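Everything below concerns the one structure shown next.
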There are 2 protein chains.
Amino acid sequence: MSKKYNISVEATLEVIGGKWKPVILCHLIHGKKRTGELKRLIPKITQKMLTQQLRELEHDGIINRIVYNQVPPKVEYELSEYGDSLREILHSLCLWGEHHIERTYGNSKDYLEDSVLNQ
Amino acid sequence: MSKKYNISVEATLEVIGGKWKPVILCHLIHGKKRTGELKRLIPKITQKMLTQQLRELEHDGIINRIVYNQVPPKVEYELSEYGDSLREILHSLCLWGEHHIERTYGNSKDYLEDSVLNQ
DNA sequence: TCCTTTAGTTACTAAAAAGTACCTACATTA
DNA sequence: TAATGTAGGTACTTTTTAGTAACTAAAGGA
C-alpha cells in the first residue's frame, strides 16, 4: 500500500540527498544566512536551484525561512530545530571530506576554497 | 588550476553521493556481501547500476572486491579499512532516517521493510 | 549436448536533474 | 523619471543519470 523504504537511509536521502542540499545545510550550520550570502558561498549554484532546494528543505521542516517585510526584500534561512538534529551528521560529512581531500591530494589548502568553514 | 572544492562536503559527496551509494554502503556496514545478496537487499537496483556503483566505490578505495576463482563466479564486497572510516556516518544516516520516518508517518514498521538493518 | 548458475558488459532509450535566459515586484535614491 | 537592489518565478533546453534488454563466460550436471 503505502510507500516503503527498504532501508532507512533512503528516507534520509529523500530529505538531504542530491547535489546541493548537503552543501546548503553545511553552510547553515554556521548560522542564519541571507539568500545572497548563500549564492556567494556557493558560487556555482543557480538562483533557480538555490530557491528550489531551499523550498524543499523548508517543506521538510529542516530549515526556517524568515521574511522581513521590506523593500528591497530580505529573506534569511536557518536550520530549524528539527534540522538541528542533522548538525552532527553534517559536521562529520564535512570533516570526512577534508580528510579525504588530504588523503587524495596530500593537502587540503590547494584544493579547498578558504572560508569560514575550513579552519 | 587544479580542482577546487568550495566546501569540503563536496568531496564527500563525490565519493558517497548519489542515489545508490549510501544504500549499498549501509548494507556493507553489516558485513561482507555477495553481489546477489546486495541485489536481493536492494530490490530496485539494476545489475548495471549495482556494478557501476560498486566499481566507483572500489576505485575510491571505499570497498574491497574479493573475487573467488571459481565457476559459477563468486564475488564479495566489503568495506575497506578506509571505507570503515565512514561507518559512524552511515550508521547515523540510517538512524536519522528511522527517526524521520517515525516523525513523518507516526511509526516506522509500516513504512520500512523488515531486515537485519532495522531492529 | 544443452541447461543452469553467477557476475558482468554493452548499446540503446527514457526519465530526472540541472542550466539558461529572461521576467516580476517595489521602495529608495539619484 | 529612471536606475538600483533583492528575492524569486518560469519556459525551454541541455546534461546527467538511470533503466531496458540482450549478450558473454565457463564449470557442472541432467
Side-chain angles (χ1 to χ4, degrees), chain A residues 3 5-7 9-28 31-60 62-78, chain B residues 3 5-7 9-25 27-28 31-60 63-78:
Chain A
K3 189 176 200 175
Y5 302 99
N6 279 284
I7 184 171
V9 74
E10 292 170 18
T12 310
L13 293 172
E14 271 189 359
V15 177
I16 61 160
K19 184 174 173 180
W20 298 114
K21 283 176 186 171
V23 175
I24 293 171
L25 292 173
C26 281
H27 284 292
L28 291 184
K32 220 183 301 187
K33 295 272 179 297
R34 290 189 63 171
T35 312
E37 281 184 277
L38 286 171
K39 268 197 280 194
R40 194 168 39 72
L41 288 166
I42 315 173
K44 287 181 204 133
I45 204 170
T46 59
Q47 170 76 256
K48 178 193 151 191
M49 288 313 292
L50 180 58
T51 315
Q52 186 177 303
Q53 304 301 303
L54 288 168
R55 289 289 173 282
E56 292 179 13
L57 289 168
E58 189 195 2
H59 174 265
D60 287 323
I62 306 298
I63 62 173
N64 296 322
R65 179 165 183 263
I66 305 159
V67 182
Y68 296 85
N69 197 25
Q70 61 185 52
V71 170
K74 176 179 177 181
V75 177
E76 288 182 327
Y77 295 93
E78 65 179 7
Chain B
K3 189 176 200 176
Y5 302 100
N6 280 283
I7 184 171
V9 74
E10 292 170 16
T12 311
L13 293 173
E14 271 189 0
V15 177
I16 61 160
K19 184 176 175 181
W20 298 115
K21 283 177 185 170
V23 175
I24 293 170
L25 292 173
H27 284 293
L28 291 184
K32 220 183 300 187
K33 295 273 180 294
R34 290 189 62 171
T35 312
E37 281 184 277
L38 286 172
K39 268 196 281 193
R40 193 170 39 74
L41 288 166
I42 315 171
K44 288 182 202 131
I45 203 170
T46 58
Q47 169 77 257
K48 177 192 150 190
M49 288 313 292
L50 180 58
T51 315
Q52 186 178 303
Q53 304 302 303
L54 288 168
R55 288 290 173 282
E56 291 178 14
L57 289 169
E58 189 194 3
H59 174 266
D60 287 323
I63 62 173
N64 296 322
R65 180 166 182 261
I66 307 159
V67 181
Y68 296 85
N69 197 25
Q70 60 185 54
V71 170
K74 177 178 175 181
V75 177
E76 289 183 325
Y77 295 94
E78 64 179 10

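Numbered from 1 within each chain, the chains take letters A, B, ... in sequence-line order. As the structure is a computational prediction, the values presented were derived from the model and not from experiment.
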Practice prompt. Might you point out which heavy atoms bring B/Ile16 and B/Lys21 nearest each other, and give the distance in Å?
Written response: O-CB, 4.0 Å
Worksheet, complete the sentence: Interatomic distance, CE@B/Met49 vs OG1@B/Thr51, rounded to 0.5 Å, equals 10.0 Å
Item to complete: Give me the residues of residues 65-73 of chain B where at least one heavy atom lies under 4.0 Å from an atom of DNA chain D, by number, or none.
Response: B/Val71
Protein-nucleotides 15-22 of chain C N/O pairs closer than 3.5 Å?
| residue | atom | partner | partner atom | Å |
| --- | --- | --- | --- | --- |
| C/dG19 | N7 | A/Lys48 | NZ | 2.9 |
| C/dG19 | O6 | A/Lys48 | NZ | 2.3 |

Discussion item. Just N and O in the side chain of B/Arg34: are any of them under 4.0 Å from OP1 or OP2 of C/dT6?
Written reply: no
Worksheet entry | Heavy-atom check, side chain of A/Leu25 versus side chain of A/Ile63, under 4.5 Å | yes
Worksheet item: Which whole-number value in Å describes the distance from A/Glu56 CD to D/dG9 P?
Response: 12 Å
Discussion item. Quick one, B/Glu37 and B/Glu76 - any side-chain contact, counting heavy atoms below 4.5 Å?
Written reply: no
Fill in: Between P of D/dG19 and CD1 of B/Ile42, the distance in whole Å
12 Å
Worksheet, complete the sentence: Rounded to whole Å, the CZ-C1' distance (A/Arg55 to D/dT10) equals 14 Å
Item to complete: Please state whether the phosphate of C/dG8, meaning OP1 or OP2, lies under 4.0 angstrom from any side-chain nitrogen or oxygen of B/Thr35.
Response: yes
Fill in: Worked verdict on B/Asn6 versus A/Leu41 for side-chain contact (heavy atoms from CB on, under 4.5 Å)
CA-CA 8 Å; B/Asn6 280 283; A/Leu41 288 166; over 6 Å; no
Worksheet item: Could you give the NZ-to-P distance, from A/Lys39 to D/dA7, as a whole number of Å?
Response: 7 Å
Worksheet item: What's the verdict on side-chain contact (heavy atoms from CB on, under 4.5 Å) for B/Leu38 and B/Leu54, showing C-alpha distance, side-chain angles and the deciding distance?
Response: CA-CA 10 Å; B/Leu38 286 172; B/Leu54 288 168; 4.2 Å; yes
Practice prompt. Take A/Gln52 and A/Arg55 through the test side-chain contact (heavy atoms from CB on, under 4.5 Å) and record every step on the way to the result.
Written response: CA-CA 5 Å; A/Gln52 186 177 303; A/Arg55 289 289 173 282; 5.9 Å; no
Practice prompt. Round to a whole Å and report the spacing from NZ of B/Lys21 to C1' of D/dT17.
Written response: 12 Å
Item to complete: Could you state the atom-to-atom distance from CD of A/Glu37 to P of D/dG8 in whole Å?
Response: 13 Å
Worksheet item: Starting at NZ of B/Lys74 and ending at P of D/dA26, how long is that distance when rounded to a whole Å?
Response: 21 Å
Practice prompt. For residues B/Ile7 and A/Ile42, determine if any side-chain heavy atom of one lies less than 4.5 Å from a side-chain heavy atom of the other.
Written response: no
Worksheet item: Which atom names give the shortest non-hydrogen contact between A/Leu28 and A/Tyr77, and what distance separates them?
Response: CD2-O, 3.5 Å
